[in-house]
Amino acid sequence: MLKIYNTLTRKIEEFQTLEPNLVKMYVCGVTVYNDAHVGHAMSALVFDVIRRYLEYRGYTVKYVMNYTDVDDKIINRAKQLGEDPLALSKRYIEDYARDLQNLNVLPATSNPQVSKTIPLIIQFIEGLIQKGHAYAASNGDVYFRVTSDDDYGRLSGRKLDDMQAGARIEIGEAKDHPMDFALWKSAKEGEISWESPWGHGRPGWHIECSAMNLAELGEQIDIHGGGNDLIFPHHENEIAQSECYTGREFSRYWIHNGMLQLGGEKMSKSLGNIISIKELLSQREADVMRMLVLNGTYRAPLMFNDETLDAAQKNVERLKSGFRAAPLSAKGLAPEAASALVSAAESAKANFIEAMDNDFNTAGAVAALFESVKAINTARDNGATAAQLKPAQVIFRELANVLGLKLEEKQGSGDADAFINLLIEVRGEVRKQKLWATSDLIRDRLNELGVAIEDSKDGTTWKWN
RNA sequence: GGCGUCGUCGCCAAGUGGUAAGGCAAGGGUCUGCAAAACCCUUAUUCGCGGGUUCGAAUCUCGCCGACGCCUCCA
């Protein structure tokens, strides 16, 4: 039985879907005006693993991740670059999609965009006004009336009275209540805008997600995800809008990932301490970033630095060792030992599922993977043939896939293989003659070129580092 | 100040009332000409501190200390 921590109730709850075997899941995507950073990667990876696991458990997952392509920051950046805002956001949408692909994140079922949801957003706002939950101000803005929603503050655990102290009203805003938030913003001169009953303008941030949710998944969804920095005000406001509009419970489960910590601080655009996904992937395999995330708790802050990345890289290397081939000359395992290997793999699988069922305990799941590796490597050391390793490796691969780990040995171009094999062969001859200095020279020089040599009783093998 | 998360081996980290998973690092060993890789063994009587509940607590409860996040755009 899958159990999930629900931010809304602050409890671990049994997971039950609205419709049998179908999970409707919405995850807040990014505002596309710049390169996505490793913090975005963490969030994307967390929800990718959740999605993969739900599918592994037999659910069909409708996975929606939006792009915010209309926003102040986009408009400002476009102005700076002298570019059309929608052209700019289109570039970064394509860019982010590539980043996600490079991180081995499965594509969403759909990626709605604000700019393509405007009519529904307007309709949504009109509905809220009709029901008395929103009002058009004199300046052309439309605001949500927070006092009209008795439940306002329920996700973040805040009371309206407590919130007022910190709230501030920007100059030019015409709110009835300081916490009222914009559903529609009137356009400034020369800004991108759409025609609406309230004049030219564009949607506020929060209404976009409510509208795209409705468009893609309907009135009620199973899981809403995002970073925990979105709990307030973004998700709070989404709940207010959606539930006031439809009169029904919006999302059953709210899942929030913790923030990536860079040098002890949260990484964010406003702090400027950013490492882009592209920078990271130019130095590390996608599996390394994924392992970093998997080895922690998705809800907790995650330390991102060279040390934690190195540790993650070693974990990845170790897991890869489980897929190494058996030597051709392997003499084979006794039947009991071979079946013990299969039981070990199946037991690891059971532990894996148990861990993942417990609020996606990926660290526990990774530990189960290490169990598999150990069993496989021990069997190989004891002389298991390729055929005997196979069943355990198949299970191991299945579990690695659920976590989205590729665990591929690095491939060279292929062109060099013949020459490397030749050098290995020559080295073999030299070793027969006990010319160790020459043999070690070849090994060292190949190592410098990224080729790792491994001698064993059964001959010499090599791989790219 | 308000809301929330969290403090477990040198480091990362699981554990959700029944007597401390896993990885890295470290030490010893097997294999090897020597390495590397892999394998085997060792490494927390103890879970921030102090009370309480219980036959029994890292796990529940109270207090304290400390870290972090949100309360303004943010994954």
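Below, read A as the first sequence line, B as the second, and so on, with proteins coming before strands; counting in each chain starts at 1. From a predicted model like this one, the values you see are computed outputs, not experimental measurements.
- Put simply, A:Asn377 has no side-chain N or O that comes within less than 4.0 Å of OP1 or OP2 on B:A37.
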Please write out each protein N/O paired with an N/O of nucleotides 4-13 of chain B under 3.5 Å, distance rounded to 0.1 Å.
none

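- At a cut-off of 3.5 angstrom, counting only N and O atoms as typed in the model, there is a donor on one side and an acceptor on the other between the side-chain of A:Asp440 and the base of B:G33.
- At whole-Å resolution of the value, CZ in A:Arg158 and P in B:G2 are 13 Å apart.
- Taking the salt bridge (charged side-chain N to carboxylate O under 4.0 Å, His left out) definition, one finds that A:Asp149 meets it with nothing, sequence neighbours left out.
- Annotation for A:His256 and A:His235: closest pair NE2-ND1, 2.8 Å, computed over non-hydrogen atoms.
- Classification of the A:Tyr53-A:Phe360 ring pair by plane angle, with boundaries at 30° and 60°, yields perpendicular.
- When all heavy atoms of A:Ile376 and A:Gly322 are compared, the closest pair comes out as CG2-O, 3.4 Å.
- Counting to the nearest Å, the P atom of B:U16 and the CD atom of A:Glu13 are 19 Å from each other.
- The partner of B:U54, taking Watson-Crick or G-U wobble pairs whose two distances both stay under 3.5 Å, does not exist in any strand shown.
- Whole-Å rounding puts the A:Glu454 CD to B:C31 C1' distance at 13 Å.
- Each of A:Asp381 and A:Asp359 has a nearest nucleotide on RNA chain B; the 5'-most of these lies closest to A:Asp359.
- Residue pairs meeting the ring pair (Phe, Tyr, Trp, His ring centres under 6.0 Å) criterion with at least one partner in residues 383-405 of chain A, sequence neighbours excluded, are A:Phe323-A:Phe396.
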